[in-house]
Amino acid sequence: CEPTSLLGPHFGFAVGDASGPRVSAQAKRRVTLDQLRSEEDGLVEHVETTGESGLEWVSPDRGSLGLRAGATRARYPLPGMRTADFDRVNGSIDTAARFHVRMTGSLHLTASRTTYRYALEESGERREVDTLGASAFFEAQPSPGLAVRVGAGPTLRKDPEATVDFPVTAGVTADIRRRYRASLDVGSSLEDSLWRSNRYVRVVHSRAHVGTHLPREVDLGLFGGVALADYPSREITRSGGVEDRNDLTWGAGAEVSCQPGGRFRAALSVSHLERRSTFPGYQWEENRCVLSAFMDW
């Protein structure tokens, strides 16, 4: 249930080896669909332009330390959706340490500011959302074919009211008979909301994936996900009652990719995505087929 890119160029470079300093940068422009930022009318096509740069120091025996900074620009083409246009700047400090041959811990410090160009406060100023977060992650490999991970930490959200959240993520990846790889990830987070008086929405999400590698550099995978969005403020329905809004979004699909040459890669995916809401006017469903091609050099 994540945003899906439909079309757009992606450029980037990285300088450095698996040990020592590394510098990277990338830029991406894509036409995408995102259900969370188009909560009024369902999926709405819009354009996102992003750029990110990073500086990292890596030691295979000790761990890594990285600094990253980025910016995002989102524009919606429809006049009724222009309130969702936003500009975002973000930065992070990441550090990881390997304290056992099969155990790794990491700490992430993040900060961001999102400015909505047409969503105004009562004072007439543009709406701004600031976030500060600190998360600790732990990953262990109890056996060669099994890996588990968990992460948690506080996040401060100011819009301008202050909200403290404690998002949690967890996941497991397992190799089955050395032919299949299965993974399951679950988590929770706060997302921005422009729906009526709600300034944010709490989302609990999960995603599962099963894949296998076939001869001639072909990969096949099946995936599915569920997300439950809970709005904190009750609102008036069309019938005149007052209810809580809860959205259940689920999706499933299949994907196949191949890499016939050393630098060329192609992928095909088909999926079904659907949302059911306690406010029926905001329900939708979509079937999608996406063909992608990539070239590395």
Side-chain angles (χ1 to χ4, degrees), residues 1-14 16-18 22 24-35 43 45 48 50 52 54 56 58 60 64 94 96 102 104 106 137 139-151 169-187 205-227 249-274 285-297:
C1 297
E2 299 176 351
T4 300
S5 177
L6 301 181
L7 179 66
H10 181 190
F11 304 97
F13 73 88
D17 298 323
R22 180 187 303 168
S24 63
Q26 64 175 345
K28 182 187 304 182
R29 181 178 176 86
R30 62 178 183 171
V31 179
T32 185
L33 299 172
D34 185 346
Q35 68 272 19
L43 291 166
E45 182 179 296
E48 283 193 8
T50 60
E52 185 181 42
E56 188 178 18
V58 180
S64 63
D94 308 298
R102 292 184 178 180
T104 303
S106 60
F137 293 86
E139 183 171 352
Q141 192 174 5
S143 63
L146 179 65
V148 295
R149 51 196 173 273
V150 63
T169 61
V172 58
T173 299
D175 292 331
I176 304 173
R177 295 183 179 179
R178 298 183 180 181
R179 294 185 56 188
Y180 306 96
R181 170 162 290 189
S183 63
L184 175 64
D185 290 276
V186 297
H205 51 86
S206 65
R207 179 177 173 84
H209 183 273
V210 178
T212 184
H213 183 71
L214 303 178
R216 298 184 180 181
E217 299 300 324
V218 176
D219 292 306
L220 178 65
L222 301 175
F223 58 88
V226 178
T249 304
W250 68 274
E255 59 188 0
V256 59
S257 64
C258 62
Q259 191 167 352
R263 296 182 177 180
F264 178 77
R265 180 164 50 95
L268 174 67
S269 68
V270 293
S271 62
H272 175 81
L273 194 62
E274 186 173 331
E285 60 181 272
E286 182 208 49
N287 296 304
R288 182 183 304 168
C289 179
V290 179
L291 176 63
S292 306
F294 308 89
M295 178 69 74
D296 298 326
W297 69 85

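Side-chain atoms of R149 and F137, non-hydrogen and from C-beta on, never get closer than 4.5 Å to each other. Proximity of T169 to D185: side-chain heavy atoms (C-beta onward) are nowhere separated by under 4.5 Å.
A distance of 10.0 Å separates OG1 of T173 from CD of Q141, quoted to the nearest 0.5 Å. With rounding to the nearest 0.5 angstrom, the CD atom of E139 is 6.0 Å from the OG1 atom of T104. Summarising the geometry, atom CD belonging to E255 is positioned 8.5 Å from atom CG belonging to L220; distances are rounded to the nearest 0.5 Å. For the atom pair CD (E274) and OG1 (T249), the distance works out to 9.5 Å, reported to the nearest 0.5 Å. Atom CD in Q26 sits 10.5 Å away from atom CZ in F13 (nearest 0.5 Å). One finds the CZ atom of R265 at 6.5 Å from the CD atom of Q259 (value rounded to the nearest 0.5 Å).
Within a 6.0 Å sphere centred on CG of N287, other residues, nucleotides and ligands contribute more than 12 heavy atoms. By the 6.0 Å contact criterion, CZ on R22 is enclosed, its count of non-hydrogen atoms from other residues, nucleotides or ligands being greater than 12.
In this structure, W250 and H272 have tilted ring planes: the angle between them lies in the 30° to 60° band.
A254 and L222 get closest at one heavy-atom pair: CB-CD2, 3.6 Å. Closest non-hydrogen pair, L273 versus G251, comes out as CD1-CA, 3.9 Å. Of all heavy-atom pairs between L184 and A208, the closest is CD1-CB, 4.1 Å. Between A182 and I176, the shortest heavy-atom contact is CB-CD1, 4.1 Å. Across all their heavy atoms, P144 and D175 have their closest contact at O-OD2, 4.4 Å. In this structure, F264 and A293 approach most closely via the heavy-atom pair CE1-CB, 4.0 Å.
Within the structure, side chain to side chain donor-acceptor pair (under 3.5 Å) contacts touching residues 212-221 (residues at least two apart or in different chains) are H213-D219.
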Exercise for the section: Carefully, step by step, assess S24 and E56 under the rule side chain to side chain contact (heavy atoms under 4.5 Å, CB included). Expected result: CA-CA 8 Å; S24 63; E56 188 178 18; over 6 Å; no
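Without hydrogens or angle criteria, R102 side chain to P142 main chain gives a donor-acceptor distance under 3.5 Å.
E52 meets the salt bridge (charged side-chain N to carboxylate O under 4.0 Å, His left out) test with no other residue; sequence neighbours excluded.
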